Amino acid sequence: MMTASPTAEAASPLKLRDVTPILSIVATLEVAILTAAAYFGTHEEQGLLWLIIRKEAMVEWLTVLVLIPGGVTALAAYRMRDRFPARWLGVWMLLCALGLFYFAGEEASWGQHVFVWTPPEGVTDINRQNETNLHNLEVVGTMFGQKPKHVIEVWTVVGCIVMPLVLARRRPPLDPARDWAYWFWPTRACILAGVMCTLIYLPTRLARFYHESIPWELRWSEVQEFYFAWTLVLYVVSIYVRLGQMPRQTAA
């Protein structure tokens, strides 16, 4: 008599839908196209390009406007933390929400640009741009200004460009029900946004390399900050969209 010994096969990983390409591709390119069109269309100071790239102008406000809903989305993902395969991912979502709200607060100078107040005299003495924020303070400007910017830029290259390509080749693919890396690392939806974070700042870097002072029309730092914000927001939106398709489970 022959007896069959069934082999246990691992269940196939869940296939979760990511954010729509309209959000990850079309929306990502809009600001870059507008900025490039304004740059090649006119070099006149006070012109369209000036209205886009200067401080307290369109791009800086757009940065705030995407960061706040991004923070709310991260909180919404935190509320679904029981669907993560590891409890610490819920804490990570809470930290992402706090980081996005902090980023928005710093960009808006914690309400100064909305309610138009004058900072106290002691603040204006140590703040390079007379703003109510930390990243422009002379005494801690590197700690709260340049260093976080460099950390985010490294994250956009490693996390949003390299890792999605590496994980796309992984066999078997990561299982969202068991693998924390599936949730921690950005997906391919963030690749273009991550590329734009570095690419959009290239004119400024080239100008800094060849000139002692950067021409005003090549000061695209505000556009890069928008792309930092957009990449981080796209990251948490991607998590939220995929997490909403997960069954509830007890995190390990």
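The figures that follow rest on heavy atoms only: side chains count, while hydrogens, waters and symmetry mates do not. Along the sequence shown, residues carry numbers from 1. All values derive from a computational prediction rather than experimental measurement.
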ILVMFWY cluster, Val157 and Met163 together (side-chain gap under 4.5 Å): no

Rounded distance [0.5 Å steps], CZ in Arg17 versus CZ in Arg242: 12.5 Å

Close side-chain approach of Gln224 to Met196, heavy-atom, < 4.5 Å: no

Short N-O contact, Arg205 and Glu153, less than 4.0 angstrom: yes

Ile22 with Val237, same ILVMFWY side-chain cluster at under 4.5 Å: no

Met93 and its side-chain contact (heavy atoms from CB on, under 4.5 Å) partner, picked from Ile239, Leu98, Leu243, Leu75: Ile239

Approximate separation, where rounding is to 0.5 Å, of Leu192 CG and Leu29 CG: 5.0 Å

Joint hydrophobic cluster, Trp88 plus Tyr182, side-chain heavy atoms closer than 4.5 Å: yes

Side-chain touch Ile52/Tyr39, heavy atoms, less than 4.5 angstrom: no

Closest approach of Pro85 to Ala177 (non-hydrogen atoms, all atoms of both residues): CB-O, 3.5 Å

Ile191 side chain near Pro186 side chain, heavy-atom distance below 4.5 Å: no

Pair Thr204-Arg208, side-chain donor/acceptor within less than 3.5 Å: no

Pair Trp220 + Tyr201: ring centers closer than 6.0 Å: no

Joint hydrophobic cluster, Phe101 plus Leu65, side-chain heavy atoms closer than 4.5 Å: no

Leu165 atom CG: more than 12 heavy-atom contacts under 6.0 Å: yes

Hydrophobic cluster identity match, Leu34 and Leu199, side-chain contacts under 4.5 Å: yes

Tyr235-Trp155 aromatic ring centre distance below 6.0 Å: yes

Exam field: side chain Thr231 to backbone Ala193, donor-acceptor pair closer than 3.5 Å: yes

CG on Leu206 to NE2 on His211, rounded to 0.5 Å: 9.5 Å

Residue among Cys160, Ser24, Pro164 satisfying side-chain contact (heavy atoms from CB on, under 4.5 Å) with Arg188: Pro164

Ring centres under 6.0 angstrom apart (Trp183, Trp92): no

